[in-house]
Amino acid sequence: EVEEVLLALFHTIILHRTFPTLSFRDGSVSYTSFIGTEDVDCQALDVTYVKVASKAMHERIFSQVLMFAKSLSEDAKIHVNRPPKGSITLAFVTNRKGSWVLGAELSAWERWTD
C-alpha cells in the first residue's frame, strides 16, 4: 500500500507541474497534456489517479518509491515494537549558474516531503 500511495501522490504532483490544459464539459473535467496522460487504478486502494504518460519518468519514480518501501520494511523488522519511520522527498530542481570554479549547481525550487 505504501508504494501505491506514494506513486499516486508523486504522479499527481508531477502531472500538475506539467501545466496541462483543463477542459470542463458536461460536468466532467478532462486533462490535455502535450506529453500524454493515462489513468491508473490502484489495486489496494479504491483510488484512480492520472499520471503523465512517460515510461522513463514512471520507472524513475517507481525505483525510488520501491527503495523507500524496502527501507521501511527493513526498519519494521529491526524495530518490531514501533511503527516504521522514514522520509522521502520529491524535489523540482533547476541548474543555476555557479562560479567559474565550481560550475553550475542544482537548486531546488519546490520540495515535497512525506
Side-chain angles (χ1 to χ4, degrees):
E1 288 183 10
V2 170
E3 294 96 335
E4 281 193 325
V5 170
L6 288 173
L7 288 172
L9 177 66
F10 286 174
H11 277 296
T12 301
I13 293 168
I14 289 170
L15 174 72
H16 288 282
R17 294 304 172 268
T18 62
F19 303 110
T21 303
L22 299 176
S23 299
F24 301 93
R25 291 192 184 140
D26 300 325
S28 64
V29 179
S30 64
Y31 290 93
T32 304
S33 177
F34 294 111
I35 54 178
T37 60
E38 57 187 72
D39 292 345
V40 178
D41 296 321
C42 293
Q43 301 299 315
L45 306 168
D46 188 22
V47 173
T48 300
Y49 64 93
V50 180
K51 72 174 189 172
V52 174
S54 167
K55 184 177 180 180
M57 184 182 302
H58 175 73
E59 288 173 357
R60 185 161 183 180
I61 293 168
F62 183 74
S63 68
Q64 298 300 312
V65 165
L66 192 59
M67 280 193 323
F68 176 71
K70 285 181 181 178
S71 71
L72 283 182
S73 178
E74 290 170 8
D75 187 60
K77 290 176 186 176
I78 294 169
H79 302 98
V80 293
N81 295 329
R82 67 163 175 80
K85 293 182 180 179
S87 177
I88 188 169
T89 300
L90 172 65
F92 296 92
V93 298
T94 186
N95 284 325
R96 294 231 171 133
K97 274 188 169 180
S99 67
W100 63 273
V101 175
L102 300 175
E105 59 185 31
L106 293 177
S107 175
W109 55 270
E110 183 174 357
R111 188 173 284 142
W112 294 77
T113 302
D114 194 18

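What you see below is based on every heavy atom in this structure, not just the backbone, and it leaves out hydrogens, waters and symmetry mates.
- Between P84 and L72, the shortest heavy-atom contact is CB-O, 3.4 Å.
- Of the possible donor and acceptor atoms, one in the side chain of E4 sits under 3.5 Å from a partner among the backbone N and O of Q43.
- Clustering ILVMFWY residues whenever any of their side-chain heavy atoms sit less than 4.5 angstrom apart, transitively, puts V40 in the very cluster that holds L66.
- For R82, the CZ atom sits in a packed shell: over 12 heavy atoms of surrounding residues, nucleotides or ligands are nearer than 6.0 Å.
- Side chain of T12 to backbone of A8: a donor-acceptor contact under 3.5 angstrom is found.
- Here the closest heavy-atom approach between residue L15 and residue K51 is recorded as CD1-C, 4.4 Å.
- Using a 4.5 Å heavy-atom threshold, the side chains of I88 and F10 count as touching.
- Put simply, Y49 and W112 are part of the same group of oily side chains (I, L, V, M, F, W, Y) that touch within less than 4.5 Å, one to the next.
- For the atom pair H58 NE2 and H11 NE2, the distance stands at 5.0 Å (nearest 0.5 Å).
- V5 is not connected to L7 by any chain of hydrophobic side-chain contacts under 4.5 Å among Ile, Leu, Val, Met, Phe, Trp and Tyr, and they are in different clusters.
- Between W109 and F92, the two ring planes are tilted [angle within 30° to 60°].
- T113 and T89 form a side-chain donor-acceptor contact under 3.5 Å, judged by distance and modelled atom types alone.
- Across all non-hydrogen atoms, the minimal contact from F68 to G86 is CE1-C, 3.7 Å.
- Under the 4.5 Å side-chain heavy-atom criterion for Ile, Leu, Val, Met, Phe, Trp and Tyr, I13 and V50 are members of the same hydrophobic cluster.
- Side-chain atoms of L90 and I14, non-hydrogen and from C-beta on, do get closer than 4.5 Å to each other.
- Of the inter-residue distances, the one linking E3 atom CD with C42 atom SG reads 11.5 Å to the nearest 0.5 angstrom.
- Contact of the K85 side chain with the H79 side chain is not registered, since no non-hydrogen atoms from C-beta on lie closer than 4.5 Å.
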